[in-house]
Amino acid sequence: MLSFRKETDYALQFMQYLAKDITRTHSLKKFAIESGISFYFLQKIARKLAKARLISAVQGVNGGYRIEVNPKKLTLYRVIEVMEEGVRLLPCVGKMKYECKKGRSCEIKKIMAQLNVEISKVLQRINII
């Protein structure tokens with residue numbers, strides 16, 4: 001079964017939350033309480049999203065997080081790519097440096113690479129809002 005990590009699911013939820021009101025900063029603690037997701041786990045997720053420049057942290061009394069990209073142009077692919085370190089069906093398909101024993105003669109790798117491209121195209125067409 002094709003699945004993404006829980007971390008990616010939570011990142012997508014957090015990005016949707018931020019995208020609903022881009023005019024202000026949002027409390028990570030408040031989102032953690034509302035969503036029932038661990039605050040500490042969300043901190044880890046927010047660091048990855050900030051490092052990728054999808055969100056930024058604002059310090060101070062009215063601090064929190066804000067989205068740094070146009071939510072209407074932010075795709076599932078971009079968030080998944082950040083959280084999963086690429087979109088790939090097998091370790092040997094995609095951006096990872098992994099070589100199997102069969103190398104280029106592996107027929108499954110060719111098929112999975114083609115499928116990986118098609119899935120990536122679909123994810124690039126779907127915006128988070």
Enquirer: More than 12 non-hydrogen atoms from neighbouring residues, nucleotides or ligands closer than 6.0 Å to CG on Asn70, yes or no?
Expert: yes
Enquirer: With rounding to the nearest 0.5 Å, note down the distance linking CG in Leu74 to CD1 in Ile129.
Expert: 8.5 Å
Enquirer: What are the two closest non-hydrogen atoms of Pro71 and Ile22, and how far apart are they?
Expert: CG-CG2, 3.6 Å
Enquirer: Hey, could you give me the CG/CD distance between Leu76 and Glu81, rounded to the nearest 0.5 Å?
Expert: 12.5 Å
Enquirer: Looking at every heavy atom in both Glu84 and Thr8, which two are closest together, and how far apart are they?
Expert: OE2-OG1, 2.6 Å
Enquirer: Looking only at atom types and distance, does a side-chain atom of Asn116 sit under 3.5 Å from a main-chain N or O of Val87, one as donor and one as acceptor?
Expert: yes
Enquirer: Can you establish whether the number of heavy atoms outside Gln59 located under 6.0 Å from its atom CD is more than 12?
Expert: no
Enquirer: Once rounded to the nearest 0.5 Å, what's the spacing between atom CE of Met15 and atom CG of Leu54?
Expert: 5.0 Å
Enquirer: Does Leu115 CG have over 12 foreign heavy atoms under 6.0 Å away?
Expert: yes
Enquirer: Are Lys6 and Asp9 side-chain neighbours, meaning at least one heavy-atom pair lies under 4.5 Å?
Expert: yes
Enquirer: Can you find a heavy atom in the side chain of Ile45 that is under 4.5 Å from one in the side chain of Ile37?
Expert: no
Enquirer: Donor-acceptor pair, Asp21 side chain versus Thr23 backbone, under 3.5 Å?
Expert: yes
Enquirer: Looking at side-chain heavy atoms only, is the closest gap between Tyr10 and Lys44 below 4.5 Å?
Expert: no
Enquirer: Could you tell me whether the side chain of Leu18 reaches within less than 4.5 Å of the side chain of Arg66, counting heavy atoms only?
Expert: no
Enquirer: Counting C-beta onward and ignoring hydrogens, is there a side-chain heavy-atom pair between Val117 and Gln114 closer than 4.5 Å?
Expert: no
Enquirer: CD1 of Ile119 to CG of Leu89: how many Å apart, nearest 0.5 Å?
Expert: 4.5 Å
Enquirer: Do Lys20 and His26 come close enough that some side-chain heavy atom pair is under 4.5 Å?
Expert: no
Enquirer: Tell me whether Gln124 contacts the main-chain N or O of Thr75 through its side chain, where contact means a donor paired with an acceptor under 3.5 Å.
Expert: no
Enquirer: Any idea how Phe14 and Phe31 line up, ring-wise: parallel (<30°), tilted (30 to 60°), or perpendicular (>60°)?
Expert: tilted
Enquirer: Looking only at atom types and distance, does a side-chain atom of Gln16 sit under 3.5 Å from a main-chain N or O of Ile128, one as donor and one as acceptor?
Expert: yes
Enquirer: Are any of the side-chain heavy atoms of Arg47 and Lys51 separated by less than 4.5 Å?
Expert: no
Enquirer: On a heavy-atom basis, which atom in Ile67 and which in Ala19 lie closest, and how many Å separate them?
Expert: CD1-CB, 4.1 Å
Enquirer: Does a side-chain heavy-atom distance below 4.5 Å link Glu7 with Met83?
Expert: yes
Enquirer: Quick check: does any side chain N or O of Ser120 sit under 3.5 Å from a backbone N or O of Tyr77, one acting as donor and the other as acceptor?
Expert: no
Enquirer: In the single-linkage hydrophobic clustering (I, L, V, M, F, W, Y; side-chain heavy atoms under 4.5 Å), do Val122 and Val82 co-cluster?
Expert: yes
Enquirer: Minimum heavy-atom separation for Ile55 and Ala46, please, with both atom names.
Expert: CD1-O, 3.6 Å
Enquirer: Could you measure the distance from the NZ atom of Lys73 to the CG atom of Asn127? Nearest 0.5 Å is fine.
Expert: 10.0 Å
